[in-house]
There are 2 protein chains.
Amino acid sequence: MSNHEESGAVPGGMAPLTADGLETRLRDAGLRPTRQRVALGMLLFGSGDRHVTAEDLHAEAVTAGESVSLATVYNTLHQFKGAGLLREIAINGQRAYFDTNTSNHSHFFVEKAGTLMDIPADGIRIDGLPEPPPGMRISHVDVVVRLVKA
Amino acid sequence: MSNHEESGAVPGGMAPLTADGLETRLRDAGLRPTRQRVALGMLLFGSGDRHVTAEDLHAEAVTAGESVSLATVYNTLHQFKGAGLLREIAINGQRAYFDTNTSNHSHFFVEKAGTLMDIPADGIRIDGLPEPPPGMRISHVDVVVRLVKA
DNA sequence: ATTTGTGCAAATCGTTTGCATCTGA
DNA sequence: TCAGATGCAAACGATTTGCACAAAT
């Protein structure tokens, strides 16, 4: 199937993702579409926005019958991040989360369960940000709304 | 010296802190004022608002001639946090920072240097926070403004 | 005297790295 | 062919834990 879809579309988007489309996307990012990268990419970008840890993704891949090592999962996540396909989310000093939604948005974090949820980008507005110190610029603003049982 | 000062005052405040005052504060929090806890407390609360890692604080204590083990520094930081004297700040997946300013405020984080700075509480306003999911309440909103060299 | 805290070193957890082997262009 | 990718296992850094000893009430 020489299905050539919109490979430039939003990574975490809703359009059905084909292996071909993903391969093109990887190639465009300067990454060889290896078996592992395609498999992980399909898991990540094949179904809406996702928040995964390296272990989550590794477990999924194994469950899906793909043999990938945990080290490769880490490598791949960081490469995807470098290519702008993923964003890393800083929640706490332990687990690193990767978000397939690279647009500007905030998160709910359920403390006890350790689950992450998107807050629609336009749901939150931040006013009154002070000037950054001289010689610095703001690279990004992280907003995490922490939730506990009521 | 039966010096009984305002031990209920703001922990990271500007008032000169005495060992006596701190001991009272610890006792009120249900923590025995041991030598180590008092020493660490004086370092933490004795001079304005601070952002420290466990290692920072341990190094300071050792430099100050107090013998405290790193494990005890960790224990103490968590106990202080539990007592509401400190707040833990989630920056990235590695080092944990503890902030002596427990009031609501945001932070600048200098990516490369790993330094943290307060942004005055009233400098930032967040609007449009969505309702938390049913059964949940917002415990706290973390805002981290990440800075890089311009 | 009893309870609570401390220190050390070993254990743990998530993550990274070195290196030999394999794979894709 | 041959740069680039993978897998394994060992290395790592931050944090935690188990347990014998010490200090506080």
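Just so we're on the same page: letters track the sequence lines, and every chain starts at 1.
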* Asked: Would the B:Phe98 and B:His78 ring centres measure less than 6.0 Å apart?
  -> yes

* Is the distance from OP1 or OP2 of C:dT6 to the nearest side-chain N or O of B:Thr34 less than 4.0 Å? -> yes

* **B:Arg35 (side chain) and D:dA22 (base): donor-acceptor pair under 3.5 Å** => no

* Asked: Would you say B:Ser69 reaches C:dG7's phosphate, i.e. side-chain N/O to OP1/OP2 under 4.0 Å?
  -> yes

* Asked: With a non-hydrogen cut-off below 4.0 angstrom, is A:Ser67 in contact with a base, only sugar-phosphate, or nothing?
  -> sugar-phosphate

* Asked: Taking atom types as they are modelled, is there a donor-acceptor pair under 3.5 Å from the base of D:dT25 to the side chain of B:Arg32?
  -> no

* To do: Compare side-chain N and O positions of A:Arg95 against OP1 and OP2 of C:dT15 and report whether any pair is under 4.0 Å apart.
  => no

* Asked: Is there a side-chain polar atom (N or O) of B:Gln79 under 4.0 Å from OP1 or OP2 of C:dT4?
  -> no

* Using the side chain to side chain donor-acceptor pair (under 3.5 Å) rule, pick out the option among B:Arg87, B:Arg50, B:His107, B:Lys81 that qualifies with B:Asp99. => B:His107

* Structure fact -> Closest of D:dT15, C:dA25, C:dT6 to the B:Ala96 side chain is D:dT15

* Structure fact -> Of D:dT17, C:dT4, D:dG7, the nucleotide closest to the side chain of B:Asn75 is D:dT17

* Nearest whole angstrom, please: distance from the C1' of C:dA9 to the CG of B:Leu70. => 12 Å

* **Atom pair distance, as rounded to whole Å: CG in B:Leu57 and C1' in D:dT15** => 15 Å

* B:His78 near the nucleic acid: base, sugar-phosphate alone, or nothing, with a heavy-atom cut-off under 4.0 Å? -> sugar-phosphate

* Asked: Out of D:dA14, C:dT15, C:dT6, which has the shortest distance to the side chain of A:Ala54?
  -> C:dT15

* Determine: side-chain N/O of B:Tyr74 to OP1/OP2 of D:dT16, distance under 4.0 Å, yes or no. => no

* To do: Please report, rounded to the nearest Å, how far the P atom of C:dT6 is from the CG atom of B:Leu26.
  => 10 Å

